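Reading through the structure tokens given below for one structure.
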Amino acid sequence: MEDFKKKLQDSSFEGEVLDDLETRVFYSHDASLFEVLPELIVAPKDAKAVEALVKLVAENKKTIPGLSLTGRSAGTDMAGGAINDSIIVDFTKNINKIVSVTSERAVVQPGMYYRDFEVETLKKGALMPSYPASRDMAAIGGIVNNNSGGEKSLEYGKTADWVAGLKVVFADGIEREVRPLDRKALDKKMAQKDFEGKVYREIYELIEAHYDAIKAAKPKVSKNSMGYGIWDVWDRETGVFDLTQLITGSEGTLGLTTEVEFKLTPKRAHSGLLVFFLSDINKLGDVINTVLEHKPATFEGFDDQTMILFFKLMPSLLRQMGAPAFLRLMINMIPQGFMVLRGYPKFIMMVEFNGETTQEVKDKIHALRLSLDLKRRQYNITAYEEDGTEAKSEKFWLMRRKSFQLLRSKVKDKHTAPFIDDFVVPPKYLPEFLPRLQKIIRKYKLFATIAGHMGDGNFHVIPLMEIEKKSERDKILPAMKEVNKLVLQYGGSLSGEHNDGMVRGPWLEEQFGTEILEVFRKAKAIMDPDGIFNPHKKANADWDFSYSHIRDHF
Ligand SMILES: Cc1cc2nc3c(=O)[nH]c(=O)nc-3n(C[C@H](O)[C@H](O)[C@H](O)COP(=O)(O)OP(=O)(O)OC[C@H]3O[C@@H](n4cnc5c(N)ncnc54)[C@H](O)[C@@H]3O)c2cc1C
């Protein structure tokens, strides 16, 4: 790597190049349970520097076979997608600006944090609505390359639905625009004699050769981040060929994203929540199905462990929020004190409705309450709170969004071990699925918090473990295999939004079968023939590599 570093510094590449141990250790982690020490960290100055970097890596790949590039935005990936053993390319340092924004479209660089991006879109009264729960920490490049989703995905879908165009540095070191093409434009692209022409031609031929199998492989759930979104690239009926759908969610394994054009949606004028407590979750599936009949905008939930941890971690929150905001929060929490007196909740459900007026929102909330009330005993509902405005709802959103974040840094003897953190099961199967899941959690004595996007059947089960103990680490593979098998038995997906990374990439064959895994491998080989982008992920992941990099110290 010394040689390569020198070549890079002598080349036209502009930007920071770091290899001191402290920096390498920092970049050896994301929010996953893995640790991989990189050799070099670079922060290109601009897209030209990314091009120079990719060209140099491609030229040197034969003499230094281990050389590779892993894109990194905010590094909050929960699956190990943003770490690797060669070169990490940090986009947040320099390639982090907003290029343009209107009420309908925004063009933004990948290193911009979502929280800063949202300030700009809100000035135009608009939102990119598939932001993740990690909205305060994540950046655009990761949101796109994970095909992230979040609390608004029930109504608005995932990031792939909001990407209008991308700029990507391809494996030959050239930045290109990628957009949906009609048949005529596709034919023109495929006729090109360069690397781009070859990519379009071969991806088109690959999809045509497996057309029906590819279309049938798309998971039948409302959210999926497993595999490559190849089923949404070419549609014979509409004649549209959209390579953005392959790249979005690809974990930087097909190229490095240097710019994103998003479609935006107007921010709804008013919203409010119906919150209710369940004393038992054995009817959770039925509850979810009843709520979905009311077509809510968002439908989230979290368990008692999440709530208890939230209260325990209040001092950290006080430091994060500052005293005035914290005091407001405490005053708003008083009604919950009374709700808890009526029965300690096992699960807290949050159902959000939007509307043009406050009254419309209140009416929708109340209508749901009335229908739930009809089955109150059967559903084990112990209390309700109708929060008709955003201000009143804030406390629940804080619990839902902040808990995992606080959990990661503040629980002393145990560590978050996300390995069954993102599965999706069609909501209609949840009454059967959930008791079986709980049985597995009990069997392996996993102390786990459960939260998630109830309306999509997308659950985040995050065990807290003494991961430095071998006996604890030994539970990971068998417990994960049992949960994966159960999820697939119900036609689910192993990842709704956190993506495969090192934790789920090895199970793509279980999820999709051999033909589709082979299609994924070919797509990767077409776009990245020398294997320079983010190895050990997606179709090239393997459990031995992943297992050998589980963190055994913190
Ligand atoms: C508390 C918490 C809550 C979370 N909640 C959610 C949630 O609700 N929904 C959800 O989807 N995720 C969630 N996540 C996971 C993660 O935060 C998101 O997926 C987020 O969008 C990742 O953004 P990032 O900027 O941190 O990406 P990173 O971690 O930096 O990268 C993510 C992936 O994108 C690739 N990548 C990044 N930038 C580029 C680039 N410029 N070019 C090519 N590849 C690139 C990386 O290689 C990696 O594979 C959560 C994580 C935490 C810690």
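Since the model is a prediction, treat every value here as computed from it, not as a measurement. Just so it is clear, the values below take in all heavy atoms, side chains as well, and ignore hydrogens, waters and symmetry mates. Just so you know, ligand 1 is whichever comes first in the structure, and atom 1 is the first atom listed for that ligand.
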I want to know if ligand 1 touches [X] in the polar sense, i.e. an N/O pair below 3.5 angstrom.
X	answer
Ala133	yes
Leu256	no
Ile140	no
Pro132	no
Gly81	yes
Ser134	yes

Within this structure, what is the CG-NZ distance for the pair Leu18 and Lys5, rounded to the nearest 0.5 Å?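 Interatomic distance, Leu18 CG to Lys5 NZ, rounded to 0.5 Å: 8.5 Å.
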
If you measure from [atom] to every heavy atom of [options], which option wins on shortest distance?
atom	options	value
atom 27 (O) of ligand 1	Gly111, Gly142, Gly249	Gly142
atom 30 (O) of ligand 1	Ser73, Gly71, Ser130, Ser32	Ser73
atom 19 (O) of ligand 1	Thr416, Thr257, Asn146	Asn146
atom 9 (N) of ligand 1	Gly150, Ser148, Gly252, Gly149	Gly149

Regarding [X] and [Y], is there a side-chain donor-to-acceptor distance under 3.5 Å anywhere?
X	Y	result
Asp422	Ser495	yes
Asn499	Lys538	yes
Thr121	Lys267	no

Under 4.0 angstrom from ligand 1, any heavy atom of Asn534? yes

Could a heavy atom of Gly255 be found less than 4.0 Å from some atom of ligand 1?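 Yes; Gly255 lies near enough to ligand 1 that a heavy-atom distance drops under 4.0 Å.
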
How are the rings of Trp543 and Trp507 set to each other: parallel, tilted or perpendicular (split at 30° and 60°)?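 Ring orientation of Trp543 relative to Trp507: tilted.
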
Classify the contact between Met137 and ligand 1 as side chain, backbone, both or neither, using a heavy-atom distance cut-off of under 4.0 Å.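 Met137 to ligand 1: side-chain contact only, backbone stays beyond 4.0 Å.
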
Going by the order shown, which atoms of ligand 1 are within less than 4.0 Å of some heavy atom of [X]?
X	answer
Asp77	29 (O), 32 (C), 33 (C), 48 (C), 49 (O)
Ile143	21 (O), 23 (O)
Met78	50 (C), 51 (C), 52 (C)
Pro110	41 (N)

Is it true that a side-chain atom of Lys93 and a backbone atom of Gly111 form a donor plus acceptor pair closer than 3.5 Å? no

For a ring pair (Phe, Tyr, Trp, His ring centres under 6.0 Å) with Phe262, tell me which candidate from Tyr114, Trp162, Phe117 qualifies.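 It is Phe117; the other options fail the test.
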
Presence of salt bridge, Glu155 and Lys152, under 4.0 angstrom: no

Ion pair Asp232/Lys218, N-O distance below 4.0 Å: yes

Looking at side-chain heavy atoms only, is the closest gap between Ile467 and Glu472 below 4.5 Å?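 Heavy-atom side-chain distance check fails, nothing below 4.5 Å.
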
What heavy-atom pair brings Ile462 and Ala417 nearest, and what distance separates the two atoms?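 Scanning both residues, the minimum pair turns out to be CG2-N, 4.3 Å.
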
